[in-house]
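Working notes, structure below.
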Amino acid sequence: MATIALDCPRCTQKNITMDISGYTDVNGGRSYNIACFCRGCSLPVGMKITDAPTKCLSRGARLVTLSLHSALNQGGDITSRVEISDISPPPPKPTIPLFLPDNVERAFIEGERSRISGNVCAAGMTYRRSLELATKDKARDIPGASGKSLAVRIRILAENQLLTPDIRDWADHIRIIGNESAHDEDEPSPQEIADLGNLTRMMLVYLYELPEQVQRMKGEEAKG
């Protein structure tokens, strides 16, 4: 049976070949729901493909005349002749806390995108930059916080009830928080980056999203 190449929503490998294992006709031979297995992670992925034979022309290939049904059974790569939609599971997307300053949000989004794409070094640097910006913003009026390291600022924010003791303790156990150098000799592992991403998200929720939500709810209560 045929193959198709796309970014795997499970293992996030880019343009990875998938082996089509089955299909069902959903539009009289023009569209099919297909089941595939990723050659990178061996996990199943589903999607809808729609015949678009003229798509080959934009890639310098000859216009195809073989039906999509025949192409599915004949074998070979059908990526260039189909439009892909309704991928299941959906590709991972960044989860962004609300009410962030623009610079903090940009750094966090870049960290999320780097993590999803598997670029662990870039993710580590941009997650950390997001935390640097956020903690400097929130600690700027706290005496003694200026010029301190990220790890110390996190402890200062916890001492001033802007972060919980649990978040402070969590940060103490993440290597990248304590690393003041932009370049570490040891590349972070995917699990370390996942932990850093979760910590960063939770800190931003506590520093920005929850306080703003509380103020808005109090405002609604006052109006009522």
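All residue numbers refer to positions in the sequence shown, counting from 1.
- Between the side chain of Thr79 and the backbone N or O of Ala5, at least one donor-acceptor pair lies under 3.5 Å.
- Classification of the Tyr23-Tyr32 ring pair by plane angle, with boundaries at 30° and 60°, yields perpendicular.
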Begin with the C-alpha distance, continue with both residues' side-chain angles, and end with the deciding distance and a verdict on side-chain contact (heavy atoms from CB on, under 4.5 Å) for Leu6 and Ile87. CA-CA 10 Å; Leu6 67 153; Ile87 299 173; 3.7 Å; yes
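- Taking CD1 of Ile4 as the reference point, atom OG of Ser80 lies at 9.5 Å (rounded to 0.5 Å).
- A donor-acceptor contact shorter than 3.5 Å is absent between the side chain of Arg115 and the backbone of Ile193.
- Residues Leu72 and His69 have side chains not in contact (no heavy-atom distance under 4.5 Å, counting atoms from C-beta outward).
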Could you walk me through whether Asn27 and Asp51 satisfy the side-chain contact (heavy atoms from CB on, under 4.5 Å) test, starting with their C-alpha distance in whole Å, then the side-chain angles of each, then the deciding distance to 0.1 Å, before giving a yes or no? CA-CA 10 Å; Asn27 188 20; Asp51 199 12; over 6 Å; no
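- The salt bridge (charged side-chain N to carboxylate O under 4.0 Å, His left out) pairs that include a residue from residues 89-102 number zero, where partners must be two or more places apart or lie in different chains.
- With sequence neighbours excluded, no residue satisfies side-chain contact (heavy atoms from CB on, under 4.5 Å) with Ser146.
- In this structure, the side chain of Lys138 engages the main chain of Leu207 through a donor-acceptor pair within 3.5 Å.
- Using a 4.5 Å cut-off between side-chain heavy atoms of Ile, Leu, Val, Met, Phe, Trp and Tyr, with links allowed through other members, Leu131 and Leu210 fall into the same hydrophobic cluster.
- Considering every non-hydrogen atom in both Lys14 and Ser117, the closest pair reads CE-CB, 4.1 Å.
- One distance of note links CZ of Arg113 with CG of Asn119; it measures 13.5 Å at 0.5 Å rounding.
- In this structure the side chain of Met1 never reaches within 4.5 angstrom of the side chain of Asp19, judged on heavy atoms.
- Side chains of Asp172 and Arg155 form a contact here, defined as non-hydrogen atoms less than 4.5 Å apart.
- Looking at Pro94 and Ile116, their side chains come closer than 4.5 Å, going by heavy atoms from C-beta outward.
- Identified under the ring pair (Phe, Tyr, Trp, His ring centres under 6.0 Å) test for residues 196-223, with sequence neighbours left out: none.
- In this structure, the side chains of Pro92 and Thr12 come closer than 4.5 Å at one or more pairs of heavy atoms.
- Using modelled atom types, no side-chain atom of Arg39 and backbone atom of Ile16 make a donor-acceptor pair closer than 3.5 Å.
- The heavy-atom pair separating Pro188 from Arg175 by the smallest distance is CA-NH2, 3.5 Å.
- Once rounded to the nearest 0.5 Å, the distance linking CD1 of Ile96 with CZ of Arg106 reads 13.0 Å.
- Summarising the local packing, CZ of Arg153 is surrounded by more than 12 heavy atoms from other residues, nucleotides or ligands at distances under 6.0 Å.
- A pairwise comparison of heavy atoms in Pro89 and Pro44 identifies CD-O, 4.3 Å as the closest pair.
- Between Ser67 atom OG and Arg30 atom CZ the span is 13.0 Å, to the nearest 0.5 Å.
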Considering only distance and modelled atom types, tabulate donor-acceptor pairs under 3.5 Å from the side chains of residues 158-171, sequence neighbours left out.
unit_1	atom_1	unit_2	atom_2	d
Asn160	ND2	Ile156	O	2.8
Gln161	NE2	Glu159	O	2.9
Thr164	OG1	Ile167	N	3.1

Might you work through the side-chain contact (heavy atoms from CB on, under 4.5 Å) test for Met47 and Ile34, ending with a clear yes or no? CA-CA 6 Å; Met47 69 197 76; Ile34 64 172; 3.5 Å; yes
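- Nearest heavy-atom pair, Ala145 versus Ala139, reported as atom, atom and distance to 0.1 Å: CB-O, 3.5 Å.
- Annotation for Ala134 and Val104: closest pair N-CG2, 3.9 Å, computed over non-hydrogen atoms.
- With contacts defined as side-chain heavy-atom distances shorter than 4.5 Å, the pair Asp7/Pro91 does not qualify.
- A donor-acceptor pair under 3.5 Å is absent between the side-chain atoms of Ser130 and the main chain of Thr126, judged by distance alone.
- Here the side chains of Ile78 and Ile20 are in contact, with some heavy-atom distance below 4.5 Å.
- Ile177 CD1 to Met203 CE: the interatomic distance, rounded to the nearest 0.5 Å, is 6.5 Å.
- Note on residues 203-216: pairs passing salt bridge (charged side-chain N to carboxylate O under 4.0 Å, His left out), not counting sequence neighbours, are Glu212-Arg216.
- Here the shortest heavy-atom pairing between Cys41 and Gln13 reads N-NE2, 4.4 Å.
- Remark: side-chain polar atoms of Ser31 are not paired, donor with acceptor, to backbone N or O of Val26 under 3.5 angstrom.
- Annotation for Leu98: hydrophobic cluster partners, listed by chain and number, are Phe99 (ILVMFWY side-chain heavy atoms under 4.5 Å, direct or chained).
- Looking at Leu150 and Ile154, their side chains come closer than 4.5 Å, going by heavy atoms from C-beta outward.
- Atom CZ of Phe37 and atom OG1 of Thr3 lie 15.0 Å apart (nearest 0.5 Å).
- A donor atom on one side chain and an acceptor atom on the other are found under 3.5 Å apart for Arg201 and Asn198.
- Using a cut-off of 4.0 Å between Lys/Arg side-chain N and Asp/Glu carboxylate O, Arg129 and Glu132 are scored as not salt-bridged.
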Might you work through the side-chain contact (heavy atoms from CB on, under 4.5 Å) test for Asp195 and Leu199, ending with a clear yes or no? CA-CA 6 Å; Asp195 292 342; Leu199 171 68; over 6 Å; no
